[in-house]
Number of protein chains: 2
Amino acid sequence: MTTDDEVSDASRGPADLVRRRGGGRKSSGRQRSSHSLDAVVSEAVALLDEGGEAALTFRALAARLGGGVGSIYWYVSSKDELLERAADHVLGGVLTATAHLGQGEDPIAEVRELAIAFYAATVNRPWLGAYFLQDTGTQVNGLMFFDRVGRELMRLDLTPRQRLDAVSAVMAYVVGVAADRGQDPPPEVRDGRVPVDEFVSEFRASIRAMDSRAFPFLHHIADEFAAHDDAEQFRAGLDLLLAGLRLQSGR
Amino acid sequence: MTTDDEVSDASRGPADLVRRRGGGRKSSGRQRSSHSLDAVVSEAVALLDEGGEAALTFRALAARLGGGVGSIYWYVSSKDELLERAADHVLGGVLTATAHLGQGEDPIAEVRELAIAFYAATVNRPWLGAYFLQDTGTQVNGLMFFDRVGRELMRLDLTPRQRLDAVSAVMAYVVGVAADRGQDPPPEVRDGRVPVDEFVSEFRASIRAMDSRAFPFLHHIADEFAAHDDAEQFRAGLDLLLAGLRLQSGR
DNA sequence: CTAGCGTATAGAACAACGTTCGATGAACGA
DNA sequence: TCGTTCATCGAACGTTGTTCTATACGCTAG
């Protein structure tokens, strides 16, 4: 699927030599096996979503697939590659979710939608940022997303350099918010065992307990912090970035 | 727990119960030991700088300190905490490096300098983003830096919410660029065994090899990508963000 | 003086992890 | 029937983070 390679060597062992920055094609053609690369990656994402990065182990994944640990290495040559493929897998979801975009009048508004869709996929997936677009050979969806954002900017009056910088900035911002949030709320809040209010008000109290001379700004925004919504805050920052871009492009 | 301590227990073992989001004081008072928390964290940062995140192991760190593995656990209760403290350690360096700032007329220009100094510290330290400001209890320098940036924005005509969103956006952007770059150039280029030109032109060639209908934007910026400088690109994106902020504040 | 306590160090031991390796079939053309 | 390729499996290895116990040293109380 996707674009896929030319022809010929269609069914070589997926995990061969020529690792990073080279070939690395999918297992195009018939799928005789009970696993298939897609199944391995999908289940890996499922494990990551359920228990975070620590939950993804080769043994847990093998048990989930009903196979042995060694089998996974036929499809993937290392855990790093597995994570890269997992990251690209969820980015594939972002691509299909935003397939309807691209016809709008305002390119920047389109970029905004793309970024928001990307953000939605990174929420609760802090590992995504670390493995996003590391290997351009295997991570085709990441490249496609990068290109889609850039294509919108080609409709704007900018230099190629400005376009490249802008796309990189938007990507970095999304990834950064994901990494920043990370494990922000402690696990007991994550699971819902402790109401969010309690954690937030406790945090506000701990801010108030600090020296207001040393941390004037923290005191200043303590209430806002307690009331803020993550997605809203993401959009606020994104809009700052896009406002600067709009200014640069002269509308 | 959580809220922690009242008074008294001033000189308990640094790595005690009450871990995340609570107290966690430094080894206040005399330093009798040959190690001390600062030595442990400093050496950890040195290991990270030399060989990346994989190079930091408790055994390597112990050997470096001339002690046993178990001793480290007296100062630090887990590897996560060690990495958080390491991140906060380099942020302490950023704080002292930017101590001269704060008297300028233009607050946004000051924010720009702060962000650039932060960025300089994250270059070749992709692990920093993942452990930056995870535990507000132990990571005091991160809080201080956050506060310093926010204090500049207090001189601008903005709502508290806008200020909070802006500071968060700037931080996220810096962290995002660090995470994005990550291991971007493969190790053989990192070490200088392969000249950068070769890698870059190879990358450009691989872009040209792709279908230009499927990736029009990648073709469009292939040359720019080959010639771009990371720090310059970082500043370009930062300036977009700050331009939006300047617009919002009405100069 | 000594018994006891908090401080601090050291390393053996354990469980879990990623990865390697050779053995083992199943499918298929010659 | 044989040999080759595809695909699977799990034992085994080395390394990792962490726990646990033993062992000192400096102090103060009795």
Side-chain angles (χ1 to χ4, degrees), chain A residues 8-17 19-20 25-40 43-44 47-48 51-86 127 131, chain B residues 8-17 19-20 25-40 43-44 47-48 51-86 127 131:
Chain A
S8 65
D9 62 344
S11 60
R12 257 216 330 260
D16 275 336
L17 49 153
R19 285 294 326 121
R20 309 186 64 81
R25 35 188 100 302
K26 290 187 124 181
S27 72
S28 66
R30 61 276 147 111
Q31 61 276 25
R32 284 224 128 280
S33 69
S34 61
H35 289 1
S36 88
L37 179 58
D38 273 332
V40 170
E43 221 63 40
L47 275 172
L48 286 165
E53 195 164 358
L56 178 60
T57 67
F58 275 75
R59 286 166 177 84
L61 182 56
R64 192 97 155 201
L65 292 164
V69 263
S71 307
I72 304 173
Y73 279 89
W74 198 87
Y75 296 99
V76 142
S77 70
S78 72
K79 193 180 185 182
D80 264 336
E81 186 190 330
L82 178 58
L83 278 159
E84 286 169 8
R85 291 206 129 98
W127 51 272
Y131 297 95
Chain B
S8 65
D9 63 347
S11 60
R12 259 213 331 255
D16 274 337
L17 48 152
R19 287 294 328 120
R20 307 187 66 78
R25 38 186 98 297
K26 291 187 122 183
S27 71
S28 64
R30 60 273 145 116
Q31 64 277 23
R32 287 220 127 281
S33 69
S34 61
H35 287 3
S36 86
L37 179 59
D38 274 331
V40 170
E43 221 64 39
L47 275 172
L48 286 166
E53 194 164 358
L56 177 60
T57 67
F58 275 76
R59 285 166 178 84
L61 182 56
R64 191 98 154 204
L65 293 163
V69 262
S71 307
I72 304 173
Y73 279 89
W74 199 88
Y75 295 98
V76 142
S77 70
S78 72
K79 194 181 184 183
D80 264 337
E81 186 190 329
L82 179 59
L83 278 159
E84 287 170 7
R85 291 206 130 98
W127 50 272
Y131 297 95

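We name chains A, B, ... by the order of the sequence lines, and we start the count at 1 in each one.
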On a heavy-atom basis, which atom in [X] and which in [Y] lie closest, and how many Å separate them?
X	Y	answer
B:Leu47	B:Ala55	O-CB, 3.8 Å
A:Ile72	A:Phe58	CD1-O, 3.5 Å
B:Ser77	B:Glu81	OG-OE1, 2.8 Å
A:Glu53	A:Tyr131	OE2-OH, 3.4 Å

I want to check one thing: is the phosphate of D:dC9, taken as OP1 and OP2, less than 4.0 Å away from some side-chain N or O of A:Ser71?
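Affirmative; the distance criterion is met.
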>> When you measure from the side-chain N and O atoms of A:Tyr75 to the phosphate of D:dT8, is any distance below 4.0 Å, counting only OP1 and OP2?
In response: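 So the side-chain polar atoms of A:Tyr75 do come within 4.0 Å of the phosphate oxygens OP1 or OP2 of D:dT8, strictly under.
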Gap between atoms [atom1] and [atom2], on [X] and [N] respectively (whole Å):
X	N	atom1	atom2	answer
B:Leu47	D:dT16	CG	P	12 Å
A:Leu61	C:dG18	CG	C1'	13 Å
B:Trp74	C:dT7	CH2	C1'	6 Å
A:Ile72	D:dT8	CD1	C1'	11 Å

Note to self: Please classify the nucleic acid contact of A:Leu56 as base, sugar-phosphate, or nothing, using heavy-atom distances under 4.0 Å.
What the structure shows: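 The answer is sugar-phosphate, as A:Leu56 gets under 4.0 Å only of primed atoms, P, OP1 or OP2.
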Between the protein and nucleotides 18-21 of chain D, list every N/O to N/O distance that falls short of 3.5 Å.
from   : atom 1 : to      : atom 2 : distance (Å)
D:dT18 : OP2    : B:Tyr73 : OH     : 3.0
D:dT18 : OP2    : B:Lys79 : N      : 2.7
D:dT18 : O5'    : B:Tyr73 : OH     : 3.2

Toward the 5' end of DNA chain D, which comes first, A:Gly67 or B:Ala54, by nearest nucleotide?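 Nearer the 5' end of the strand: A:Gly67.
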- side chain to side chain contact (heavy atoms under 4.5 Å, CB included) between A:Val69 and A:Leu61, worked out: CA-CA 8 Å; A:Val69 263; A:Leu61 182 56; over 6 Å; no
Item to check | CA sep, side-chain torsions, deciding dist, call: B:Leu37, B:Arg85, side chain to side chain contact (heavy atoms under 4.5 Å, CB included) | outcome: CA-CA 10 Å; B:Leu37 179 59; B:Arg85 291 206 130 98; 3.7 Å; yes
